[in-house]
Amino acid sequence: MTSLSVEMLAADPVEPITSAGHAQLGIAVLAGIAVIVLLITKFKVHAFLALTIGSLALGAFAGAPLDKAISSFTAGLGSTVAGVGVLIALGAILGKLLADSGGADQIVDTILARAGGRAMPWAMVLIASVIGLPLFFEVGIVLLIPVVLMVAKRGNYSLMRIGIPALAGLSVMHGLIPPHPGPLVAIDAVKANLGVTLALGVLVAIPTVIIAGPLFSKVAARWVDVAPPEKMIPQRASEELEKRPGFGATVATVLLPVVLMLAKALVDIVVDDPEATVQRVFDVIGSPLIALLAAVLVGMFTLGRAAGFTKDRLSSTVEKSLAPIAGVLMIVGAGGGFKQTLIDVGVGQMILDFSEDWSIPALLLAWLIAVAIRLATGSATVATISAAGLVAPLAADMSTSHTALLVLAIGAGSLFFSHVNDAGFWLVKEYFGLDVGQTIKTWSVMESIISVVALGFVMLLSLVL
């Protein structure tokens with residue numbers, strides 16, 4: 001789940017930078033991933049360096065010229081940083097404002113008072129699902145991480161017990177529910193009805209997120225018992241603060257980018273005229289960059305000034321928010337570079353070539369193709385777009401409901417087993433302070449559960465509709 005800009009670039013048809021055969025490409029992919037995993041786990045090399053070296057190794061094993069492999073890696077890194085770098089920075093500023101002003105304390109105290117004990121994971125999955133509806137995955141993580149970490153620490157909950165439901169809510173929305181880019185592109189490719197797809201998507205999403213979120217979090221908490229990373233936890237606001245923002249103002253500030261992006265999505269659906277003034281206006285104010293920037297600017301008043309911050313204190317808060325995210329940003333960027341290298345050496349096309357000879361039911365075929373491309377490229381949107389284009393002819397004779405289910409099967413497959421070639425994998429690892437093995441046992445398994453469970457409900461619906 002990397003940035004939209006990277007995924008859309010990757011989705012464009014490109015000439016492979018190598019003419020290697022399928023066998024050689026397959027070996028190259030396994031070798032590249034093995035290099036990354038070994039460097040990180042055995043030799044304790046920093047993930048940024050490991051991803052860089054692994055990308056070059058992948059190109060070399062695939063027979064690509066070294067300069068082309070370097071160009072692919074740097075292009076992918078640059079596109080990823082361009083797509084999510086500013087969003088991560090703005091989210092970090094908003095999170096620091098929330099923490100230093102006492103606004104995050106207010107949210108945590110209110111949640112703990114009203115949804116303690118066994119209800120907390122369910123509260124987190126509900127919050128994440130609502131917030132994740134119009135947001136890109138990365139933006140949702142940035143907005144939710146401070147709350148997740150503080151709830152886990154101050155309520156003395158297992159980090160996995162709180163974090164997995166939040167991640168599940170965000171991920172299910174990203175893969176299955178329009179207006180996320182993947183589902184929208186698939187809907188267009190197979191000529192599905194958006195309203196029917198949305199309705200069936202919600203039917204599939206609800207039980208899926210329950211199983212992969214609150215229920216699986218019980219198991220994940222036993223597998224991986226870690227404390228919230230201190231460097232990522234916003235510290236409790238100084239007791240010297242004479243006042244802190246109200247709960248309503250704090251929540252409104254956090255939800256402002258959500259509302260702006262949701263408004264853009266609704267206008268795009270209702271107006272559907274790129275030249276219309278109202279749609280052009282909302283395309284601007286509803287973009288992730290402007291929406292988060294607006295929340296930061298508003299937060300300076302509703303959070304900072306409400307807590308009595310001076311101009312100097314506000315400036316200091318912004319400055320201190322950026323240092324901790326430097327490492328995260330570079331690792332996420334390198335993950336995008338590795339993914340782009342995979343795509344440019346022709347791995348995606350190789351998977352499509354293999355899949356042409358598969359003779360199985362359309363819904364399962366769509367899921368398997370999306371799974372294969374997801375595993376190879378790490379990109380949910382690339383997997384969705386490629387699989388939708390391949391199976392689109394199969395939708396010609398399908399009913400409206402089954403065409404919508406085809407979209408959902410593709411979306412489910414696009415979420416399967418996030419691993420080291422997915423920038424989202426590194427986001428979760430760094431924010432939650434996990435090692436690679438722990439991330440696989442929690443995040444990667446959760447993604448696989450979402451994918452398989454969603455497919456199961458899609459197949460059940462296909463029997464009754």
Side-chain angles (χ1 to χ4, degrees), residues 1 40-41 47 95 104 107-132 137 140-175 205-234 236 328 415-420 422 424-454 456:
M1 291 181 191
I40 293 173
T41 58
I107 291 178
V108 172
D109 291 344
T110 303
I111 292 176
L112 287 174
R114 299 184 180 181
R118 296 181 179 179
M120 185 57 68
W122 299 90
M124 292 307 302
V125 78
L126 177 62
I127 293 169
S129 297
V130 172
I131 289 180
F137 181 81
I141 280 189
V142 167
L143 289 176
L144 280 177
I145 283 300
V147 174
V148 168
L149 296 181
M150 284 191 292
V151 166
K153 183 174 180 64
R154 296 175 196 169
N156 198 27
Y157 295 99
S158 162
L159 178 58
M160 292 300 104
R161 195 77 174 96
I162 300 300
I164 289 295
L167 293 174
L170 291 174
S171 188
V172 168
M173 295 298 109
H174 176 86
I206 291 174
T208 299
V209 79
I210 289 173
I211 294 171
L215 298 184
F216 172 65
S217 70
K218 295 180 181 179
V219 179
R222 290 198 296 268
W223 286 351
V224 177
D225 184 14
V226 294
E230 291 293 337
K231 68 176 182 177
M232 290 295 182
I233 299 176
R236 195 168 186 89
V328 175
L415 298 175
F416 190 85
F417 199 76
S418 164
H419 61 99
V420 296
D422 178 13
F425 178 93
W426 300 105
L427 263 179
V428 172
K429 175 187 176 297
E430 293 301 308
Y431 272 130
F432 280 28
L434 306 175
D435 60 33
V436 170
Q438 291 172 329
T439 310
I440 289 174
K441 287 193 289 186
T442 54
W443 160 253
S444 300
V445 172
M446 183 206 76
E447 287 283 87
S448 300
I449 290 172
I450 291 174
S451 181
V452 174
V453 171

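The closest donor-acceptor contact from the side chain of Ser451 to the backbone of Glu447 lies at 3.5 Å or more, if one exists at all. Remark: side-chain polar atoms of Ser171 are not paired, donor with acceptor, to backbone N or O of Leu167 under 3.5 angstrom. For Arg161 (side chain) and Met120 (main-chain N/O), no donor-acceptor pair under 3.5 Å exists by modelled atom type. Of the possible donor and acceptor atoms, one in the side chain of Trp426 sits under 3.5 Å from a partner among the backbone N and O of Val420. Between the Glu430 side chain and the Leu427 main chain, no donor and acceptor come within less than 3.5 Å of each other. Not one N or O on the side chain of Ser448 forms a donor-acceptor pair closer than 3.5 Å with the backbone of Phe416.
Between Leu159 and Phe432, the closest side-chain pair of non-hydrogen atoms falls below 4.5 Å. When side chains are defined from C-beta on, Ser129 counts as touching Val209, because their heavy atoms get closer than 4.5 Å. Counting heavy atoms from C-beta outward, Leu170 and Ile141 have side chains that approach closer than 4.5 Å. Looking at heavy atoms from C-beta onward, Asp435 lies out of side-chain contact with Thr439 at the 4.5 angstrom threshold. Contact check for Ile440 versus Phe417: side-chain heavy atoms found under the 4.5 Å cut-off.
With values rounded to the nearest 0.5 angstrom, Leu215 atom CG is found 9.5 Å from Ile449 atom CD1. Atom NZ in Lys429 sits 13.0 Å away from atom OG in Ser418 (nearest 0.5 Å). Expressed to the nearest 0.5 Å, how far OG of Ser444 lies from CG of Asp422 amounts to 8.5 Å.
Shortest non-hydrogen contact noted between Met160 and Pro165 is O-CD, 3.8 Å. Nearest heavy-atom pair across Gly213 and Ala168 is CA-CB, 3.7 Å. The shortest heavy-atom contact between Ile40 and Val436 is CG2-CG2, 3.4 Å. In terms of heavy atoms, Met446 sits closest to Ile164 at SD-O, 3.7 Å. Between Val148 and Gly163, the closest heavy-atom pair is CG1-CA, 3.8 Å. Ser158 and Ala152 get closest at one heavy-atom pair: O-CB, 4.5 Å.
Just one of Leu149, Val151, Ile145 meets the side-chain contact (heavy atoms from CB on, under 4.5 Å) condition when paired with Val147; it is Val151.
Of the N and O atoms on the side chains of Thr442 and Trp223, not one donor lies less than 3.5 Å from an acceptor on the other residue.
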